[in-house]
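Have a look at the structure below before the remarks.
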Amino acid sequence: MRYRWFLTLLLPGLLAAGAERQQLTNVNSRYTVEAVEVSGIQESTISKPLREDLQRIVGEKYDQGKLDSLIKRLRSEFPGRRVFPRVRRGDKPEQVKVTIVVARHTFEGNIAANKLLYHSKQGWTGDLGITFPDRGNNRFSFGILSNADDLLERYAGIRAGYERRSLGTDRVRLGFQFESYHNKWNPTTLRELGRSPEAPGIYRTRQNFEPTFTLLPARGLQFTVGTSFQRFQTQFPAARTEAANAVITTLRYDRQLEDSAANRHRLEAGYSLRAATRTLSSDFAYARHVWDLRYRLARGHNRLEDHVTAGVLTGRAPLFERFSLGNSTTLRGWNKFDVAPLGGNRTVHNELAYRYRIFRVFYDTGAVWNRGQKAAAKHSLGFGLFHHDFTVCIAFPIKDGRAEPVLMAGLTF
Amino acid sequence: MNRAQIARRCLLAGLVAYLPLPGQSLTARLANGHLRVSAPQLRFLTGKVLERLHDGAPVVFAFQLSLSTDGSTSVWLRDVARFVISYDLWEEKYAVMRLGRPGAPASRLSAEAAQDWCVDALALPVSDLAEQKPFWVKLEARVEDPKQESGANPESPVSLARLIELFSRQTRSQQERWVAQAGPLRLAELKKPLGRTR
């Protein structure tokens, strides 16, 4: 404290010298920041303190060091993204505009594990995807996968996609997706099929070609319409090729909001319809409706989430369209082949989850049944660790008698 | 393509990545007992470096001018220096400053002038070199990675040993390394009115 006077004299001098040095090493340091924008993400997804700090440099002299430290903080809030600045002349003389771009690595071409999962009842699921660098507005992707988690079947094969990301306007996109899979079936499903002659047969191969148009009419709103041409070679009761050609429609809404108490809210809602019709030369005629609603509340390190899904299937549909519960995202702890080995044409499911830092607990409840039958709700509880995209958790079915836990570990599920 | 072909191509790609870059021509001259060079074909304000500059960020370059008397296997004399170049977004001109040495920065330069300014600042004292002894000169430039070399602050000191170590390392990208060389030269030839170019 005795030398406070000395510091008082020295500090302004040091600061001035620092500013001068800054100006010497970067000629743009003499310009004033006119505006700061973040592109590639919704600004509401950035934490409030960081957003405030970003806006704080507006009106100040351009400082590369300060900008670099803000970019570093953005990188830590959006891991796995590329974050880089673009500084351009401002609208007024001697001013500059700063745009910080937050981009997914896939924009430059990327190899990513879309899903990598070990499930103690289902075994391994792996989905490796390659997205090639964008060529103008064109994006190509390729994937190789073996998935035992999403459907009643294990499907393994390849996936290739093309997307035209702007069709006259950025609000219209065109996509083509091709998939070719070999299928394997669980013995429980095969046993159950023998007892249910009215059930659709199993198949050994399946191909899908799916052209779609996507419209982005308003912020957070996405509407997709297209067709799905699926051909599959049935195995049981007779070997032949069948088709399930359907009109597909999806409407999705995704909005993030932040209230005055720095609580972040995210609301996602969706409806999808797959309607297979004889007019598209389909051997099956059915309509599959799915509704889902997800709400997330984040406050500091606390996150609460609820996700409700409901589905109705009318008509006679192939097995891949039937609803099933008891995998890595629904009725966790249950084995889907114990819940409904042939799936069902009605389903409802709710997931309630709470996360604090890396710890997560969840409670699932749901039912899958056939029209005319009585729905029997099942429940499960689980807990685990969650860090970035990696999760490891243990889930228990809530039932009478012996409950065997299910272990799940992997990426992005 | 069979495995042998793939292996051959990988080996070839590895060799290409390891081999030094083909040198560009360098003109040497004598001035006040010092050897100076110019490299009109050496253009390093290109590609990603240029993008960074046009995004308002300064870029730090490390330069080494070296002289060897046995065809570049061992260095007899060297001058290493760091420069920070920035691009004025309003004037669309470049500014260059030599780091670690007092002196005013050069500003309002064209891209070519900024590049030449860096090369002109390097000099080797050759008064001890015999006039008829053949020698080779090599100019190398590298972009410093702001994350690896000196952090965000381009002015943070980098020792001579670290700079030499920097030039002995392989770069991650050939876009960020430039080489120009000349030789064999003799001081006697350079003392004639016109310098010699290779």
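Quick caveat: nothing in here was measured; it's all calculated off a predicted structure.
Of all heavy-atom pairs between Gly56(B) and Gln64(A), the closest is O-OE1, 3.4 Å. Pairing each heavy atom of Val27(A) with each of Tyr87(B), the nearest pair is CG1-C, 3.7 Å.
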Item to check | Audit row: Glu92(B), Arg89(A), side chain to side chain contact (heavy atoms under 4.5 Å, CB included) steps and yes/no | outcome: CA-CA 10 Å; Glu92(B) 297 183 340; Arg89(A) 284 180 184 183; 3.4 Å; yes
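Within a 6.0 Å radius of CZ in Arg88(A), other residues, nucleotides and ligands contribute more than 12 heavy atoms. The environment of Lys48(A) atom NZ is dense: over 12 non-hydrogen atoms of other residues, nucleotides or ligands sit within 6.0 angstrom. Counting non-hydrogen atoms of neighbouring residues, nucleotides and ligands closer than 6.0 angstrom, the CG atom of Leu385(A) exceeds 12 such neighbours. Heavy atoms of other residues, nucleotides or ligands lying less than 6.0 angstrom from CD of Glu37(A) number 12 at most.
With rounding to the nearest 0.5 angstrom, the CZ atom of Phe84(A) is 9.0 Å from the CD atom of Glu51(B). Atom NE2 of His54(B) sits about 13.5 Å away from atom CZ of Arg86(A), to the nearest 0.5 Å. Within the model, atoms CG of Leu53(B) and CG of Asn26(A) stand 9.0 Å from one another, a figure rounded to the nearest 0.5 Å.
Contacts of Tyr31(A) with chain B are made by side-chain atoms alone, with heavy-atom separations under 4.5 Å and no backbone atom involved. Interface residue Glu91(B): backbone and side-chain heavy atoms are both found under 4.5 Å from chain A.
Checked by atom type and distance alone, the side chain of Asn28(A) pairs as donor or acceptor with a backbone atom of Leu89(B) at under 3.5 Å.
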